[in-house]
Amino acid sequence: MSGQFAYISGVGQSQIGMRLERSPLLLTLDAVNEALSEAGLDISQIDGVSTYPGRSAGMLGFSPIGADELIDALGIKARWYSGGMEISSQLGAVVEAAAAVRSGMARHVICYRTVYEAAALARPDEYPMQRRDRVDNYSQWLAPFGAISAVTWTAQYAMRHVKKYGLTREQLAQIALTDRANAALNPRALVQESLTMDEYLGARMISSPLCLYDCDRFSDASTVIIVSAGDALDEVVCQPVRIAATAGSVDRLSWDQAEWMACYATGRALWEQTDYTVDDVDTVQLYDGFSFQALAWLEGLGFCGVGEGGNFIEGGKRIALDGELPLNTFGGQIGAGRLHGFGFAHEAVTQLRGNGGARQIKAQPTVAVATSGGGPLATALLLTRD
Amino acid sequence: MVHRALPRLDRDNRAFWTSGESGELVLHRCQSCASYVHPPRPVCRTCLSENVVPEAVAGTGEVYSFTVNYQKWHPKMEVPFVIARIQLDGVDGVLLTSNVVGCDPESVDIGDRVAVEFEQHEDVFVPVFRRVAS
Ligand SMILES: [Zn+2]
């Protein structure tokens with residue numbers, strides 16, 4: 001059976017910081033080395049590389065290292081590689097790698113996401129932004145109206161929930177409060193201080209109904225997930241985690257034409273690929289670039305009905321580390337830093353292996369869901385420890 | 001708001017961004033199945049007809065959703081202001097992101113009735129919306 005599936009072997013992560021001096025290539029190397037070490041693999045055994053979104057020349061901090069550059073820089077003998085933005089969001093790079101190892105195009109694929117947004121913003125002389133005199137593509141339908149940040153796009157979906165379903169600030173706060181409580185137990189997390197309800201309710205609005213603490217923070221970091229073929233697991237020393245199912249979708253590549261964010265279609269599609277059900281899931285690691293996205297993922301994946309997310313997380317007990325469905329146990333992007341999607345898969349694997357340290361879920365989880373995106377693009381992974 | 005990033009005009013989008021010169025809001029529409037095609041492209045995503053042309057729409061509608069933006073994303077940006085998705089009368093399947101102008105930002109709500117007006121910036125006529133009595 002193992003031959004039919006793709007597995008996650010090593011996972012690795014660099015330090016997570018703001019305005020780091022260490023170069024993004026070396027942060028990527030740190031994460032690669034940690035993942036190789038966990039898997040017991042040597043770089044010479046890596047024959048594939050996969051990333052999202054590839055090198056972003058116009059905005060280097062967003063994605064400074066392309067797949068082909070990493071292959072060249074680390075001397076990887078790649079038989080297969082992929083790096084690009086036109087896939088179903090960040091963890092789509094892991095889905096592509098899984099397809100590659102299942103079809104025999106590669107045996108061990110380094111999947112990575114390196115971000116350098118805090119450093120690039122602070123040192124534009126080193127990481128210059130490409131200046132554009134005019135906007136085009138889908139930016140043209142948003143930016144002329146001052147809707148230049150994803151928070152203003154996400155906020156309008158959140159506002160529908162506030163007005164249609166009665167989502168309250170106290171309910172939504174539970175995502176940030178849970179993230180920050182968990183981040184305080186994660187030595188690598190960017191933010192180490194927990195957050196109180198009073199602090200949340202007193203925070204300044206960024207784009208209503210989303211306040212400062214509903215937003216993740218630019219950070220500098222790299223995260224690596226090694227995807228290995230089922231028939232290559234004898235080369236791996238760590239507990240393999242099976243990629244039991246994947247789903248990804250785009251309907252309208254747009255933050256305004258779609259009535260529902262893509263997490264709803266992707267959440268439904270995930271369960272069509274597997275015999276597992278939501279009742280089998282022990283922990284969820286859900287994209288939270290903005291808190292509302294995690295709430296929408298809970299609804300989209302079917303943990304509760306559409307519009308019921310606010311009630312589902314009310315009080316925070318259910319999604320707490322010792323609750324029935326621990327959420328974002330590493331702190332999510334709101335607590336751990338904007339790792340951009342890969343942090344969720346990294347943490348799911350960490351928890352399934354029992355390597356969470358102070359933040360390890362007490363009853364050893366065996367089934368986890370990790371997601372990325374959720375706006376116009378979405379990816380969901382079902383990960384199991386067999 | 002004051003400062004607006006402007007679209008680069010091209011073959012597909014020029015009608016949308018310049019029709020305000022004559023005071024009309026236009027959207028691409030399929031002449032075969034009557035669906036609106038937005039963003040504007042030369043094929044209908046509903047029936048694949050290539051008979052898609054710009055057509056004037058009513059220019060009135062209601063607020064489908066909104067946010068009040070408080071963050072100064074740009075030094076020249078004046079905050080707060082309202083970003084809204086507008087459901088235009090008679091136009092199914094299109095939600096237009098725009099601004100609701102000329103009112104207290106905090107007073108805007110889903111369902112508010114609005115009408116289009118245009119702000120000219122260089123060669124671009126940006127459609128924004130003002131509240132009207134329902
Ligand atoms: Zn048509």
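A note on names: the letters A, B, ... follow the listed sequences, proteins ahead of strands, and every chain is numbered from 1.
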Does [X] reach the side chain of [Y], with side-chain heavy atoms less than 4.5 Å apart?
{"X": "B/Arg8", "Y": "A/Gln140", "value": "no"}
{"X": "A/Phe145", "Y": "B/Pro127", "value": "yes"}
{"X": "A/Thr152", "Y": "B/Gln71", "value": "no"}
{"X": "A/Pro144", "Y": "B/Glu119", "value": "no"}
{"X": "A/Ile206", "Y": "B/Trp73", "value": "yes"}
{"X": "B/Ile83", "Y": "A/Trp153", "value": "no"}
{"X": "A/Met159", "Y": "B/Phe66", "value": "yes"}

Can we say [X] and [Y] salt-bridge, meaning some charged N sits less than 4.0 Å from an Asp/Glu carboxylate O?
{"X": "B/Arg45", "Y": "A/Asp251", "answer": "yes"}
{"X": "B/Asp123", "Y": "A/Arg134", "answer": "yes"}
{"X": "A/Glu259", "Y": "B/Arg85", "answer": "no"}

Query raised in the report: Hey, what do you get for OG (A/Ser149) to CG (B/Asn69), rounding to the nearest 0.5 Å?
Result: 8.0 Å

Query raised in the report: Rounded to the nearest 0.5 Å, how far does OG of A/Ser208 lie from OH of B/Tyr70?
Result: 5.5 Å

What part of [X] gets closer than 4.5 Å to chain A, counting heavy atoms only: side chain, backbone, both or neither?
{"X": "B/Asp12", "result": "neither"}
{"X": "B/Glu122", "result": "side chain"}
{"X": "B/Phe16", "result": "side chain"}
{"X": "B/Val124", "result": "side chain"}
{"X": "B/His38", "result": "both"}

Requested in this report: Tell me, for A/Val162 versus chain B, whether the close heavy atoms (under 4.5 Å) come from the side chain, the backbone, both or neither.
Outcome: neither

**Report entry** Side chain, backbone, both or neither of A/Ala258 within contact of chain B (heavy atoms, under 4.5 Å)
**Finding:** backbone

Query raised in the report: So which of A/Lys163, A/Arg160, A/His161 actually passes side-chain contact (heavy atoms from CB on, under 4.5 Å) with B/Ser65?
Result: A/Arg160

Can you confirm whether more than 12 heavy atoms, excluding those of [X], are under 6.0 Å from its [atom1] atom?
{"X": "B/Glu21", "atom1": "CD", "result": "no"}
{"X": "A/Tyr138", "atom1": "OH", "result": "no"}
{"X": "A/Glu126", "atom1": "CD", "result": "yes"}

**Report entry** Exercise: identify the closest heavy-atom pair between A/Arg252 and B/Pro39
**Finding:** NH2-CD, 3.9 Å

Report task. For each of A/Ala158, A/Ala147, A/Ala155, A/Gly146, tally heavy-atom pairs with chain B at distances under 4.5 Å, and name the one with the top tally. Result -> A/Gly146

**Report entry** Partner chain B: residue of A/Ser254, A/Pro209, A/Ala143 with the largest heavy-atom pair count (under 4.5 Å)
**Finding:** A/Ala143

Query raised in the report: Most heavy-atom pairs under 4.5 angstrom with chain A, which of B/Asn13, B/Leu9, B/Val94?
Result: B/Asn13

Requested in this report: Can you sort out the partners of A/Tyr287 under ring pair (Phe, Tyr, Trp, His ring centres under 6.0 Å), two or more places apart, ordered by chain and number?
Outcome: A/Phe344

Query raised in the report: Is a side-chain donor or acceptor of B/Thr97 paired with a backbone partner of A/Asp256 at a separation under 3.5 angstrom?
Result: no

Requested in this report: Taking B/Thr67 for its side chain and A/Gln156 for its backbone only, find out whether a donor-acceptor pair lies under 3.5 Å.
Outcome: no

Report task. Report the relative orientation of the aromatic rings in A/Trp141 and B/Trp17; use parallel for angles under 30°, tilted for 30 to 60°, perpendicular for over 60°. Result -> parallel

